[in-house]
Amino acid sequence: MLKFWKKKPAETPTPPPAEQAADEQAAGAPVAAIPHDADTGSLDNPALGEALSEAAPPAEPDTEEHPFEVPAAEAAPAKRSWRERLSGSSFARGLSSLFSRNPKLDDALLDELETTLITADVGIEASTSLVEDLRKRMHKREFGDAAALLAALRKELVTLLAPVQQPLDVSGRKPFVVLTVGINGVGKTTTIGKLARRYRDENRAVLLAAGDTFRAAAVEQLKTWGARNSVPVIAQGQDADSASVIFDALQAARSRGADVLIADTAGRLHTQGGLMDELGKIARVLKKLDADAPHEVLMVIDGTTGQNAVSQVRQFRQIVGVTGLVVTKLDGTAKGGVVFALAREFGLPIRYVGLGESATDLRVFDAQDYVDGLLPASIGA
């Protein structure tokens with residue numbers, strides 16, 4: 001009747017995780033691996049005081065060293081074609097509709113073509129030059145119909161982009177230092193994560209530097225990408241000196257024999273002089289360890305920002321010497337014409353383009369594939 005008053009047997013308290021791991025290790029049981037984010041405090045930096053005389057001293061968080069291990073490549077999902085990725089852009093839809101609605105070859109078709117190019121962010125100068133050249137050829141009877149004009153337009157656009165089709169080769173230096181720059185919201189940290197995955201899949205030892213200490217949670221975001229790709233991250237906390245973080249990361253990359261170091265930087269606006277000056281400081285500090293570093297200054301551009309991207313590149317080139325571009329967010333409804341404007345204005349190599357969210361959607365830029373994705377192969381296709 002009073003069974004419920006009986007005392008329950010005493011439960012054995014669960015030991016804390018650290019004690020439990022120690023007990024298991026003593027008993028011979030395997031201990032699960034602990035995810036690791038490498039920090040800069042443990043590095044032996046005899047030259048750091050002199051090299052960073054203009055930088056604040058770094059914090060000294062706990063850390064440990066781990067050798068590089070390149071994991072087995074995961075099965076990559078099937079890639080969608082450039083046409084599938086780009087067909088939704090306003091540029092592709094506008095040009096397809098233009099030739100479908102105007103099968104007759106005349107000046108009205110060329111006038112509407114010029115308007116379509118300008119509204120797709122190709123730029124006024126590039127659009128006018130391209131259309132006037134086609135107009136002269138049409139008056140010389142080089143085109144028999146609108147289909148021939150479409151073929152000529154495709155060829156002209158490929159010719160415009162061909163000089164900037166220059167893939168990034170990271171095999172010339174060890175470690176090859178990639179400094180990524182760009183304003184907030186362009187997908188810079190995501191691009192770094194995708195690059196890390198690409199180089200890891202190529203069996204390269206990759207190290208990431210969390211140099212964006214300005215934006216809240218940026219360090220944690222990069223650590224998440226590092227954990228996802230099994231790539232070590234050199235990091236300090238928010239508001240740490242960005243130059244010292246990246247300097248220490250380069251020392252770590254050299255001591256560990258890394259093939260590639262990818263450094264993140266604050267997503268600064270090109271109108272903020274103080275933050276832009278910090279980029280110049282990072283470049284100067286790196287050169288104290290490697291006179292040629294950074295070997296690539298990769299600027300990430302949002303393909304939806306249009307002509308504003310041109311002014312961004314212009315100013316970043318003056319401050320830090322941009323050597324290559326990544327144009328992101330070109331899938332969906334991005335206009336896409338800014339790629340042509342950048343090619344004509346600067347002639348900077350376009351290393352990669354972002355055509356989707358997955359890691360494999362960061363594609364090496366290919367001029368022919370890009371134009372094929374934007375323009376139909378024939379009228380009505």
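This structure is a prediction, so every number in the text was calculated from the model and none was measured. Side chains included, hydrogens not; waters and symmetry mates left out as well; all remaining heavy atoms used.
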Assess whether a salt bridge exists between Asp111 and Arg135, defined as any Lys/Arg side-chain N lying under 4.0 Å from an Asp/Glu carboxylate O.
yes
One should read off an interatomic distance between Leu157 CG and Gln368 CD, to the nearest 0.5 angstrom, of 10.5 Å
Are Glu278 and Ser242 packed together at the side-chain level, in the sense that at least one heavy-atom pair is separated by less than 4.5 angstrom?
yes
Interatomic distance, Thr189 atom OG1 to Ile262 atom CD1 [nearest 0.5 angstrom]:
11.5 Å
Glu114-Thr128 side chain donor-acceptor pair, cut-off 3.5 Å
yes
Could you list all the ring-ring contact (aromatic ring centres under 6.0 Å, His included) pairs where at least one residue sits in residues 113-133, not counting sequence neighbours?
none
Would you say the side chains of Asp302 and Thr305 form a donor-acceptor pair under 3.5 Å?
no
Is there any ring-ring contact (aromatic ring centres under 6.0 Å, His included) pair reaching into residues 154-185, and which pairs are they, with sequence neighbours excluded?
Phe176-His295
So CE of Met299 and CG of Leu348: to nearest 0.5 Å the spacing works out to 9.5 Å
Gly193 backbone acceptor or donor facing Arg228 side chain under 3.5 Å:
no
Verify side-chain contact (heavy atoms from CB on, under 4.5 Å) between Ser129 and Arg344, making sure each step is shown before the conclusion.
CA-CA 11 Å; Ser129 175; Arg344 188 178 190 277; 4.1 Å; yes
Derivation and outcome, side-chain contact (heavy atoms from CB on, under 4.5 Å), residues Gln236 and Thr213:
CA-CA 8 Å; Gln236 294 180 20; Thr213 58; 5.7 Å; no
Are Ile246 and Val219 connected into the same hydrophobic cluster when the rule is that any two of I, L, V, M, F, W, Y join if their side-chain heavy atoms are below 4.5 Å apart?
no
So salt bridge (charged side-chain N to carboxylate O under 4.0 Å, His left out) across residues 138-151, not counting sequence neighbours, yields Arg137-Glu142
Tyr352 meets the ring-ring contact (aromatic ring centres under 6.0 Å, His included) criterion, sequence neighbours left out, with none
Are Phe365 and Val158 connected in a single hydrophobic cluster, I mean Ile/Leu/Val/Met/Phe/Trp/Tyr linked by side-chain heavy atoms less than 4.5 Å apart?
yes
Decide yes or no for Val170 and Asp259: does some side-chain heavy atom of the first lie under 4.5 Å from some side-chain heavy atom of the second?
no
Contacts of Thr191 meeting side chain to side chain contact (heavy atoms under 4.5 Å, CB included) (sequence neighbours excluded), chain-then-number -> Leu195, Val300, Val326, Thr328, Leu362
Do Ile124 and Leu110 sit in the same hydrophobic cluster, where Ile, Leu, Val, Met, Phe, Trp and Tyr count as joined when their side-chain heavy atoms come under 4.5 Å apart?
no
Does the side chain of Thr323 come under 3.5 Å of the side chain of Glu296 through a donor N or O and an acceptor N or O?
yes
Using a strict cut-off of less than 4.0 Å between a Lys/Arg side-chain nitrogen and an Asp/Glu carboxylate oxygen, indicate whether Asp201 and Arg198 qualify as a salt bridge.
no
Co-membership, hydrophobic cluster, residues Trp225 and Leu207, 4.5 Å side-chain
no
Decide whether Leu160 and Ile118 are clustered together by the hydrophobic rule: side chain heavy atoms of Ile, Leu, Val, Met, Phe, Trp, Tyr closer than 4.5 Å, transitively.
no
Of all pairs that satisfy ring-ring contact (aromatic ring centres under 6.0 Å, His included), the ones with a partner from residues 130-169, not counting sequence neighbours
none
Is the number of heavy atoms from other residues, nucleotides or ligands within 6.0 Å of CD (Glu125) greater than 12?
no
What do the steps show when you test Met138 against Leu134 for side-chain contact (heavy atoms from CB on, under 4.5 Å), and what is the final call?
CA-CA 6 Å; Met138 180 188 72; Leu134 292 173; over 6 Å; no
Quick one: does any side-chain atom of Thr180 pair with a main-chain N or O of Ala263 as donor and acceptor, under 3.5 Å?
yes
Does Lys174 come within less than 4.0 Å of Asp290, counting only side-chain N to carboxylate O?
no
